[in-house]
2 protein chains.
Amino acid sequence: MLDGILLGLLREPRSGYDVASEFRRGARHLWAADLSQIYRTLGRLEKEGHVTSRVEPSSRGPERRVYRRTASGKEALLAWLAEAPALPPERFAYLAQLFFMGEAGGGRTLAFLKDLRRRLAERLRTLEEIEPSIDTEDDHGFHTHLTLRLGILAHRARLQWCDESMRRVRPRAARRRR
Amino acid sequence: MLDGILLGLLREPRSGYDVASEFRRGARHLWAADLSQIYRTLGRLEKEGHVTSRVEPSSRGPERRVYRRTASGKEALLAWLAEAPALPPERFAYLAQLFFMGEAGGGRTLAFLKDLRRRLAERLRTLEEIEPSIDTEDDHGFHTHLTLRLGILAHRARLQWCDESMRRVRPRAARRRR
DNA sequence: GACCGCTATATGCATACTCATATACTGACG
DNA sequence: CGTCAGTATATGAGTATGCATATAGCGGTC
């Protein structure tokens, strides 16, 4: 999976470090990846012939290993884009916690939702801050904006759900106290 | 992470196979897990003393290894529930594809979104079918319903996003044809 | 000149996860 | 009686991921 992302980011030749920075700036909200993971994957892509690398001097640090996408790499990228939309396995750790919160007596649910709401709101804020900086005229910018937009709408829906849930929890908690 | 879920499902003694079935029925929308992964994790939880197991005859199949949660297991579960809400690393494979869809010339975006919408709508339908069957009176049912509810709201938001996105894509595609 | 932060690559280790495969019992259906 | 679906456990192999750590150049600041 990371393969496609790295091949996509290598639209222009870049070092692993640059790819990782690009990643953090533009794609952080859609995929998480570690520097070590990126280096390893680039290494594998090179063995597979999807990229080539060349060591080049850097103006402000140690030597850089610059990766270039090959024709085969471009092909692999297009093949990935031609695949059906990949719905990932759902993995919501906080929902799993909430699912069993009844075992904690139910008294913790409200505090948990409050905390969750705060964290989600924070994430939403960072997404909203990025949005106006995207130029939607060119194709890449347009698609970037589409993905960012889902992040924003999804987070808003989650916040609404937090509010709805907290409204439902309060009377239950009150009943328990009686 | 799976530890907490398994310990939660072991509110009553169950075999690995039962846990997996329970999983598919009630928690499929919040965490994905493989049977082999569940067996292995139960094995580890036993080594750690959080569960014990005993082989018992089955009425309709081979022998079952039934797991029981220990006091230490209950403690570990409560500790997990007391942790802050765990926001998982974002991993949206289909968003990653969309992010780079400009490389495919942009002509594929609409078909991609249509396909995605269909898949998401299908998932939403299965969630909505489960909803009315949940009894929200008891604590576990209530919390189950909360998590299901987020699944439903999140999917509705995604569908809206698909529609919004398709409306934005069409004029661009028309412009490209000129 | 010492130290800090950023740039830059790479590896080791442990865990998590996926997919395939082996084994074997039971009940239903044709 | 054969076969299939469902019940049931377990392991091997390969991949992905996360976290820590080692190394080292460069530029600025105190």
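These numbers come from the heavy atoms of this one structure, side chains and all, not from hydrogens, waters or symmetry mates. Bear in mind the structure is a predicted one, so any value in this text is a computation, not a measurement. Per chain, numbering begins at 1; letters A, B, ... match sequence-line order.
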Donor-acceptor pair (no angle test) under 3.5 Å: [X] side chain, [N] base:
{"X": "A:R40", "N": "D:dT17", "answer": "no"}
{"X": "A:R60", "N": "D:dG28", "answer": "no"}
{"X": "B:R64", "N": "D:dG6", "answer": "no"}

Next item on the list: Return yes if some donor-acceptor pair links the side-chain N/O of A:Q97 with the main-chain N/O of B:W80 below 3.5 Å, else return no.
Entry: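 Yes, because the side chain of A:Q97 sits within donor-acceptor range (under 3.5 Å) of the backbone of B:W80.
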
Main chain of A:E56, side chain of A:R65: is a donor-acceptor contact present, judged purely on distance under 3.5 Å?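 No; judged by distance alone, with no hydrogens or angles, the pair does not exist.
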
Residue whose closest nucleotide on DNA chain D lies nearer the 5' end, A:S59 versus A:R44
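Checking each residue's closest nucleotide, the 5'-ward one belongs to A:R44.
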
For atom [atom1] of [X] and atom [atom2] of [N], their distance in whole Å:
{"X": "A:E56", "N": "C:dT9", "atom1": "CD", "atom2": "P", "answer": "11 Å"}
{"X": "A:Y17", "N": "C:dA10", "atom1": "OH", "atom2": "P", "answer": "15 Å"}
{"X": "A:E63", "N": "C:dC6", "atom1": "CD", "atom2": "P", "answer": "23 Å"}
{"X": "B:R65", "N": "D:dT11", "atom1": "CZ", "atom2": "P", "answer": "10 Å"}
{"X": "B:F23", "N": "D:dT7", "atom1": "CZ", "atom2": "C1'", "answer": "19 Å"}
{"X": "A:L2", "N": "D:dA16", "atom1": "CG", "atom2": "C1'", "answer": "9 Å"}
{"X": "A:R91", "N": "C:dT15", "atom1": "CZ", "atom2": "C1'", "answer": "13 Å"}
{"X": "A:Y39", "N": "D:dA20", "atom1": "OH", "atom2": "C1'", "answer": "16 Å"}

- Message: Less than 3.5 Å apart, any donor N or O on the side chain of A:T136 or A:H145 sitting next to an acceptor on the other?
- Response: no

>> If we count only N and O atoms by modelled type, under 3.5 Å, do the side chains of B:T109 and A:H143 hold a donor and an acceptor together?
In response: yes

Q. So which of residues 30-38 of chain B are in contact with DNA chain D, with a heavy-atom cut-off of under 4.0 Å?
A.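 Per residue number, the list reads B:L35, B:S36.
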
If you check the [X] side chain, which of [options] turns out closest?
{"X": "B:S58", "options": "C:dT7, C:dC17, D:dA8", "result": "D:dA8"}
{"X": "B:P62", "options": "D:dA24, D:dG18, C:dC25", "result": "C:dC25"}
{"X": "A:S15", "options": "D:dG18, D:dT9, C:dT9", "result": "C:dT9"}

message = What's A:D3 touching, base or sugar-phosphate or nothing? Going by heavy atoms closer than 4.0 Å.
response = nothing

Do A:R172's NZ or CZ and the ring of B:F142 fall within the cation-pi criteria of under 6.0 Å and 45°?
yes

Checking B:S58, B:S59, B:P57 against B:R64 for side-chain contact (heavy atoms from CB on, under 4.5 Å), the one that qualifies is B:S58

Worksheet item: Are A:D163 and A:R167 ion-paired here, with the side-chain N under 4.0 Å from a carboxylate O?
Response: no

